[in-house]
Amino acid sequence: MEALKRKIVADSSCDMTSFAEADFAAAPLKIITNVKEYVDDAGLDVAAMVSDLKEYNGRSSTSCPNTQDWLDAFGDADEVFCVTITSNLSGAYNAAVTAKEAYEAAHPGKKVCVLDSLSTGPEMVLIIEKLAEMFRENMAYDAICQKISQYTKHTGLLFMLESMTNLANNGRVSPVVAKVAGLLGIRVVGKASDVGTLEQLNKCRGENRALDAIVNHLKELGFNGGKIRIGHCFNLKAATTLKNRILATYEKAKVTIYECRGLCSFYAEKGGLLVGFEKAGC
Ligand code: X90
């Protein structure tokens with residue numbers, strides 16, 4: 001009997017273009033301006049996009065993968081585990097469910113498990129890494145579907161933003177909240193809410209205080225001292241400071257830092273930080 005082909009698929013808001021631990025594909029979102037369309041795939045020059053956007057004053061928006069984009073990412077896998085950005089801020093999840101139905105109808109016996117992360121970026125990274133762990137343990141499809149949806153209830157996302165202009169212009173946060181983030185020196189700290197929307201927690205004067213606020217929230221939200229993934233948009237300095245502060249309190253934490261890809265860079269904007277972490281019970 002031929003080996004079962006298992007694959008992890010996610011939209012590009014997970015900030016991963018490849019993955020060494022399992023068969024993986026990302027379905028790209030797009031960032032659209034009046035002059036250019038940026039496809040958020042491995043070929044995207046994120047630095048060039050961020051600098052273009054800084055000079056650009058017109059309208060900009062994003063679009064999620066459509067059903068065909070998802071089908072392309074599924075390829076010919078027998079079992080697909082598909083992780084999406086929060087269904088409350090994007091159509092990516094709905095398109096993935098439609099793709100699942102089409103894929104399973106066209107290929108009897110093949111299965112797609114679609115997971116709404118109710119989050120994005122580094123929290124999706126944790127989910128993807130956990131899936132690979134379950135693959136290695138040779139868990140059955142149904143058990144993985146069940147266990148991974150449990151896992152997502154024990155992960156969280158915090159963020160620090162310097163500007164929320166693109167979020168507000170695209171209707172993803174209220175203009176009132178966004179205005180605060182536009183004030184000089186103010187950093188908005190927030191989290192992904194239980195329903196997968198942005199929830200503002202603090203308005204901090206300066207990055208230093210914002211990073212302290214994040215460390216405090218990690219404690220309140222039940223960080224288990226284990227895995228943390230920090231994604232940053234051209235703010236390695238803040239990411240590194242945060243990593244060191246986390247390690248000062250949680251010696252055994254497994255903290256990694258990476259650069260955001262296109263979608264998260266567009267919305268988190270220059271200076272933004274996203275923090276995905278595990279909570280007790282996972
Ligand atoms: O479908 C689309 O066009 C994509 C829309 C995505 C909108 C939100 C992206 C947020 C990216 C910002 C900070 C963290 C937010 C946490 C949300 C649960 C990153």
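We count ligands from 1, going down the list as the structure has it; atoms in each ligand are counted the same way. As the structure is a prediction and not an experimental result, all values here were calculated from the model.
- Protein heavy atom nearest atom 3 (O) of ligand 1, with residue, atom name and distance: Thr62 OG1, 2.5 Å.
- In the vicinity of Ala192, heavy-atom distances shorter than 4.0 Å reach the ligand 1 atoms 18 (C).
- Side-chain contact between His217 and Asn202: present, with at least one pair of heavy atoms (C-beta onward) separated by less than 4.5 Å.
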Chi angles and distances behind the side-chain hydrogen bond (donor to acceptor under 3.5 Å, both in side chains) call for Asn88, Thr86: CA-CA 5 Å; Asn88 246 311; Thr86 170; 5.0 Å; no

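- The CD1 atom of Ile148 lies 4.5 Å from the CE atom of Met134; values are rounded to the nearest 0.5 Å.
- Short contacts between ligand 1 and Leu274, defined as distances under 4.0 Å to a heavy atom of the residue, involve ligand atoms 13 (C), 14 (C).
- Checked by distance only, ligand 1 and Ser119 stay at 3.5 Å or farther apart across all their nitrogen or oxygen atoms.
- Side-chain atoms of Asp72 and Gln68 include a donor-acceptor pair closer than 3.5 Å.
- For atom 1 (O) of ligand 1, the closest non-hydrogen atom of the protein is Ser90 OG, 2.7 Å.
- No part of Asn88 comes within 4.0 Å of ligand 1, judged by heavy-atom distances.
- Distances below 4.0 Å separate heavy atoms of Leu198 from the following atoms of ligand 1: 15 (C), 17 (C).
- The closest protein non-hydrogen atom to atom 16 (C) of ligand 1 is Leu157 CD2, 3.6 Å.
- Every atom of ligand 1 with a heavy atom of Ser63 under 4.0 Å away is listed here by number and element: 3 (O).
- Sparse packing is recorded around NZ of Lys270, with 12 or fewer heavy atoms of other residues, nucleotides or ligands lying under 6.0 Å away.
- Closest to atom 8 (C) of ligand 1 by heavy atom, among Leu118, Leu263, Val188, Leu89, is Leu89.
- In terms of heavy-atom proximity, Phe234 sits nearest to Val50 at CE1-CG2, 3.8 Å.
- Residue Ala92 places every heavy atom at 4.0 Å or more from ligand 1.
- Asn34 CG: more than 12 foreign heavy atoms inside a 6.0 Å radius.
- A salt bridge does not link Arg136 with Glu133: every distance from a Lys NZ or Arg NE/NH1/NH2 to an Asp or Glu carboxylate oxygen is 4.0 Å or more.
- Where the criterion is an N or O separation shorter than 3.5 Å, residue side chain and backbone included, Tyr267 fails it with respect to ligand 1.
- In terms of protein heavy-atom proximity, atom 7 (C) of ligand 1 is nearest to Arg172 CG, 3.6 Å.
- Note: Phe81 and Phe135 meet the aromatic proximity criterion, with ring centroids under 6.0 Å apart.
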